[in-house]
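Shown next, in structure tokens, is the structure this report addresses.
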Amino acid sequence: MSASETTAALLGRLERGETTSTALTESLLDRVAQHDESIGSFLTVNGETALETAAAIDAKRAAGERVGRLAGLPVALKDILCTKGEPTTCGSRMLEHFVPPYDAHVVERLRAEDAVLIGRTNMDEFAMDSSTENSAFQPTRNPWDTSRSPGGSSGGSAACVAAGFAPLSVGTDTGGSIRQPAAFCGVVGMKPTYGRVSRYGLVAFASSLDQIGPFAHDVHGAALLLEALAGPDERDATCIDRPVPEYTKSLDEPLAGLRVGIVPDHFGEGLDGEVDEAVREAINVYAEHGAKIVEIDLPHQKYSVAVYYLIAPSEASSNLARYDGVHYGRRAEEYTDLVDMYVASRSEAFGPEVKRRILLGTFALSEGYSDQYYNTALRVRRLIRRDFDAAFEKCDVILGPTTPTPAFGIGELVDDPLAMYLNDVYTIAANLAGLPAISLPCGFTKSGLPIGLHLQAPPFEEEGLLQAARTYERTTHWHERRTGLD
Amino acid sequence: MVPNKTMTYQTIIGLEVHVQLNTRTKLFCGCPNRFNPDEPNTQTCPVCLGLPGALPVMNRKAYRLGVRTALALNCTIAPFTKWDRKQYFYPDLPKAYQISQFDLPFSSDGWVDVVLPDEGDAEPTHRRVGIIRAHLEEDAGKNVHDESGRGGDSRVDLNRTGTPLVEIVTQPDLRSAAEARTFLQELRLLLLYLGVSDCNMQEGSLRCDANVNVRVHTDDGHEIATPIVEIKNLNSFSSVERAIEHEAERQFAEFQETGRKLGEVPKQTRGWNADRGETTPQREKEEAADYRYFPDPDLVPVTIGAEQVEAMRAELPEPPAARRERFQVDLTPYDAGVIVDQGRAFADYYEAVAHTCEDGKLAANWVTQDVLRELNDRDIEIGTFPIDAETLGTVLAKIAANELTTKSGREVFGVLLERAGVSPADVDDVVEELGLAVVSDTGALEGVIDAAIANPANAKAIAAVREGKQQAVGPMIGQIMKEVKGADAKVVRAMLIERIENG
């Protein structure tokens with residue numbers, strides 16, 4: 001059995017009785033046991049419970065009962081999604097032993113759709129950073145070149161799909177944390193519209209930016225997993241009550257008169273030559289298929305990184321204040337009084353990048369500074385959204401590179417936070433504006449590293465976005481390439 | 001500042017009142033909203049425990065109760081309001097921020113009118129106390145410290161966490177400790193009439209902080225304000241009054257000693273020690289607290305239309321002040337006050353009794369004396385009082401119509417109390433059963449009266465009556481009344497005199 005089959009192929013074989021979920025799960029568990037030591041994509045592998053679930057679904061299917069849309073497919077979860085009875089660490093010493101008493105909304109949805117939850121994937125601590133080196137437990141390596149980073153913060157989820165450990169995985173994206181690792185690992189990764197997927201049970205980093213989304217080998221897999229994840233939830237006030245189209249059904253509908261927007265600024269300084277070439281080639285592919293290529297302007301996008309690094313740390317400083325060692329999580333063993341307990345617990349349990357962002361955010365919200373920083377950032381954020389609204393009058397999707405470079409080397413950027421932050425220069429605006437966006441493979445460098453194509457669409461236009469991505473994928477074959485891990 | 005014995009001062013007070021709303025569930029989750037200190041941490045869930053990943057969702061009912069409260073305080077309701085995070089570390093605050101409202105509270109600019117009873121004969125003073133704002137927020141949990149003195153661990157009970165609170169902030173319009181107390185009592189009564197809170201101060205569902213300073217009048221005609229002090233957590237009317245009284249005196253004394261004026265030192269927070277009868281400095285560290293307010297990204301703004309506000313305004317009950325005034329058509333201000341201050345259910349009871357017997361004064365007498373005494377003796381509320389208002393009204397109507405004497409009325413009242421639940425239609429049966437109906441049927445009385453006249457023991461009295469001393473007839477009336485229960489004394493007296501004089 002090939003470990004790198006697409007979800008469509010696997011589902012077909014499961015439905016035709018050519019294989020079972022148990023067999024599939026077993027083979028993937030074997031593969032993880034054999035290869036994950038060199039990748040480090042999983043923090044926890046739930047072999048036993050995964051096999052139990054697989055057996056139960058096989059029995060259901062054999063008995064002819066109705067099964068969910070993911071029936072029998074193994075899915076890996078980023079270790080930031082609360083799962084009842086399973087440690088949910090967020091890659092942090094702070095939550096190393098934290099076991100939630102409840103399931104996140106998306107975990108409930110996955111169970112309801114008969115997914116097999118195979119394990120929990122590594123991440124940058126509390127989803128902060130873009131390399132998955134900043135996990136308190138282990139770095140994750142890029143399956144295409146283990147000297148390189150898989151990107152982050154959902155690097156474990158991206159790497160485990162690329163390595164063929166799971167056909168599907170779930171990540172979260174606050175500034176590019178799904179799309180950048182998808183680009184680095186040569187898989188499809190999608191951030192849905194803010195409000196499309198409930199955040200209930202997603203441990204918050206920056207509440208107004210965080211969104212949960214799928215990883216898969218191809219657009220169909222991403223569409224299928226999104227169908228399972230998306231939908232209203234009354235426990236998340238920011239989750240929008242809108243019906244979820246059956247994305248997989250309309251995926252191959254022809255897109256007549258597609259207008260593809262290009263931002264000339266995205267092809268300027270700082271963009272790697274090979275990435276530039278691959279993305280320009282993708283534009284040609286769209287043009288050849290009858291798409292209209294239009295130049296658009298996003299005048300405020302140049303402020304995205306600055307705005308993001310005020311809003312995200314501000315919200316993070318507040319969201320992470322609850323980790324004080326009082327009610328759960330790590331508490332220092334030695335302390336003199338209450339304040340000292342707070343200080344000691346937080347000092348020893350948080351890593352340097354988390355501390356840096358808490359300090360940034362605390363400062364930005366301080367009395368006398370919040371107007372200058374936080375409130376100004378909110379105003380510019382609205383302007384960024386307005387630019388997109390105007391741009392989408394002229395085009396249906398905006399196309400560009402997902403990242404300025406292919407995967408960087410492990411350790412290359414750890415001492416240069418600013419360079420690391422600039423990795424998200426193309427992806428951040430979609431979070432600030434709440435747009436859906438997808439990264440899909442669009443080529444490889446001479447040295448064999450994947451390159452990601454970034455498409456963004458208007459809010460709640462996931463269906464059109466997936467169709468546009470599929471249009472490209474159908475005529476190219478980058479998504480069929482697999483790592484040489486076997 | 002040279003101490004000056006001729007200086008006087010005026011106390012200036014503004015209150016911050018926290019009211020727990022009596023919703024069924026908490027402000028941002030489905031946990032029960034119930035005072036329950038005996039079973040700590042049993043009314044909690046991931047949301048109010050502040051667990052990672054949990055999200056708040058606003059309880060629309062709490063917002064509506066907030067609007068109802070603000071409308072009764074004559075506040076303007078904001079068409080758009082939002083939630084903000086107020087951030088500080090404390091063990092009873094599991095998220096390390098309180099969801100509150102900062103710059104756009106749901107209501108502002110209202111007032112409450114209070115009547116301040118004046119000492120002596122002077123007319124009572126009417127005072128309009130301005131309301132700066134009323135906003136919604138979630139309550140914190142409760143830290144329970146070891147009070148044995150053995151230095152045991154502190155414990156945290158999160159049952160209260162997330163209880164909906166309305167914080168009401170007044171203008172500094174109050175001018176004495178007694179005024180502050182009167183205002184708070186009137187506010188509490190208003191809230192009870194609205195039915196938005198049980199306002200139980202012992203259980204903490206009504207809590208009060210007081211901002212106090214004094215304006216010193218120097219003998220050279222200057223007025224100097226002292227620094228403002230906030231007194232925290234005043235949990236009874238008497239502590240409100242005593243703490244402010246004490247604090248004003250303390251500030252005046254301090255001013256005479258130091259000459260320190262408003263603006264020269266930061267606002268101080270003090271606590272009230274009821275045992276020692278003094279305010280003491282508190283939480284020095286938090287004085288410079290920066291709460292780093294920002295809009296809560298987990299919640300969406302709340303909007304309300306003008307029509308909805310008007311519909312809710314139309315649903316407001318008559319406020320106690322208006323009711324007092326209305327009752328004064330029939331009653332003295334004192335009686336009207338006694339009835340209204342007992343609460344809405346009691347005043348409703350009075351109104352129903354008065355309506356049935358068509359005699360407000362009579363109803364007030366019975367309700368404020370007989371009914372109130374029974375409520376106090378039995379330690380019950382009017383809601384569980386055994387006599388329906390209509391039933392009592394029916395009895396009083398008979399008294400008003402001279403069909404029942406006041407004395408017999410009390411006897412009926414006693415029986416109705418014992419039997420409980422007697423309907424108005426059955427009042428006649430009870431009266432008859434007790435043989436208390438007024439016997440104005442002269443035929444039934446004649447025989448008894450004639451027998452009394454014929455009784456030699458009465459000869460002396462009869463002679464006296466014939467000599468014009470009509471009051472001598474008294475003992476004979478007593479004898480006759482004893483034999484004929486329910487006889488009207490006036491009728492008996494008239495018949496006796498007529499028969500003696502004409503006999």
Side-chain angles (χ1 to χ4, degrees), chain A residues 80-82 88 90 94-95 98 100-105 126 195 198-204 206-210 233-239 311 314-315 317-329 338-339 341-343 346 361-370 374-375 378, chain B residues 27-30 41 44-60 82-99 102-103 141 143 145 151 153-158 161 285-286 288-302:
Chain A
I80 197 169
L81 299 165
C82 285
T88 299
C90 297
M94 180 58 89
L95 294 179
F98 173 67
Y102 74 106
D103 275 339
H105 176 78
F126 285 104
S198 167
R199 293 181 298 115
Y200 190 78
L202 156 62
V203 180
S207 313
S208 73
L209 302 163
D210 295 343
D233 175 17
E234 59 185 24
R235 294 169 301 182
D236 175 1
T238 63
C239 188
I311 291 174
S314 294
E315 293 182 9
S317 72
S318 176
N319 286 329
L320 272 66
R322 69 187 63 193
Y323 308 117
D324 57 8
V326 175
H327 300 277
Y328 52 82
L338 180 65
V339 172
M341 184 182 91
Y342 291 147
V343 173
R346 290 168 67 81
T362 304
F363 178 73
L365 289 177
S366 301
E367 201 174 345
Y369 291 98
S370 58
Y374 185 74
N375 295 334
L378 287 185
Chain B
L27 185 49
F28 296 113
C29 64
N41 298 308
T44 57
C45 72
V47 175
C48 57
L49 291 175
L51 290 188
L55 297 171
V57 176
M58 186 187 77
N59 177 348
R60 191 87 202 173
K82 68 178 172 80
W83 299 97
D84 300 285
R85 293 184 181 178
K86 177 182 181 177
Q87 312 190 67
Y88 61 94
F89 288 97
Y90 210 55
D92 67 7
L93 192 69
K95 299 190 297 299
Y97 59 81
Q98 177 192 32
I99 304 176
F102 180 50
D103 53 340
N143 291 343
H145 302 293
D153 285 347
S154 292
R155 290 165 194 281
V156 184
D157 177 7
L158 298 180
T161 310
K285 247 179 294 183
E286 282 200 21
D290 176 357
Y291 293 121
R292 287 175 288 118
Y293 280 103
F294 80 108
D296 192 329
D298 288 332
L299 288 158
V300 287
V302 187

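Labels below follow one simple rule: chain letters A, B, ... track the order of the sequence lines, proteins then strands, and each chain is numbered from 1. What you see is a predicted model, and the numbers here were worked out from it, not measured in a lab.
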query = Quick one: what part of A:Ser198 sits under 4.5 Å from any heavy atom of chain B, side chain, backbone, both or neither?
reply = neither
note = Ranked by heavy-atom pairs below 4.5 Å to chain B, first place among A:Ile80, A:Leu378, A:Leu81, A:Leu365 goes to A:Leu365
inquiry  = Need one label for A:Asn375: side chain, backbone, both or neither, based on atoms under 4.5 Å from any heavy atom in chain B.
reply    = neither
remark   = Cut-off 4.5 Å, heavy atoms of chain B, and the answer for A:Val203 is both
ask   = Most heavy-atom pairs under 4.5 angstrom with chain A, which of B:Val300, B:Asp298, B:Leu299?
value = B:Asp298
inquiry  = Under a 3.5 Å distance rule, please check whether A:His327 uses its side chain to pair with a backbone N or O of B:Leu93 as donor and acceptor.
reply    = no
remark   = The interface call for A:Asp236 against chain B, heavy-atom contacts under 4.5 Å, is both
inquiry  = Would you compute the distance between atom OG of A:Ser208 and atom CZ of B:Phe294 and round it to the nearest 0.5 angstrom?
reply    = 8.5 Å
request  = Check each atom of A:Ser318 against the heavy atoms of chain B and say whether the ones under 4.5 Å are side chain, backbone, both or neither.
outcome  = both
Residue B:Pro46 versus chain A: region with a heavy atom under 4.5 Å = side chain
query = Using non-hydrogen atoms only, which part of A:Tyr323 is less than 4.5 Å away from chain B: side chain, backbone, both, or neither?
reply = side chain
inquiry  = Could you report the tightest heavy-atom contact between B:Pro295 and A:Tyr374, atom names first, then the distance?
reply    = CD-CE2, 4.0 Å
ask   = How about B:Val47 and A:Tyr200: do any of their side-chain heavy atoms sit closer than 4.5 Å?
value = yes
query = Do A:Arg322 and B:Tyr97 come within less than 4.5 Å of each other through their side chains, counting heavy atoms only?
reply = yes
task = Would you mind reporting whether B:Val57 and A:Glu234 have side-chain heavy atoms less than 4.5 Å apart?
result = no
ask   = Do other residues, nucleotides or ligands put more than 12 heavy atoms under 6.0 Å from the OH atom of B:Tyr293?
value = yes
key: Distance, nearest 0.5 Å, that separates CG of B:Leu49 from OH of A:Tyr328   = 8.5 Å
ask   = Between B:Pro52, B:Cys45, B:Pro297, which residue shows the highest count of heavy-atom pairs closer than 4.5 Å to chain A?
value = B:Pro52
message = Quick check on B:Asp153: does its CG atom have over 12 non-hydrogen neighbours (other residues, nucleotides or ligands) under 6.0 Å away?
response = no
remark   = side chain to side chain contact (heavy atoms under 4.5 Å, CB included) test vs B:Leu55 passes for just one of A:Arg199, A:Arg235, A:His105, namely A:Arg199
key: Part of A:Leu320 lying under 4.5 Å from any heavy atom of chain B   = neither
inquiry  = I need the A:Ser314 OG to B:Arg292 CZ distance, nearest 0.5 Å.
reply    = 9.5 Å
ask   = Is there a donor-acceptor pair under 3.5 Å between the side chain of B:Asp290 and the backbone N or O of A:Ser366?
value = no
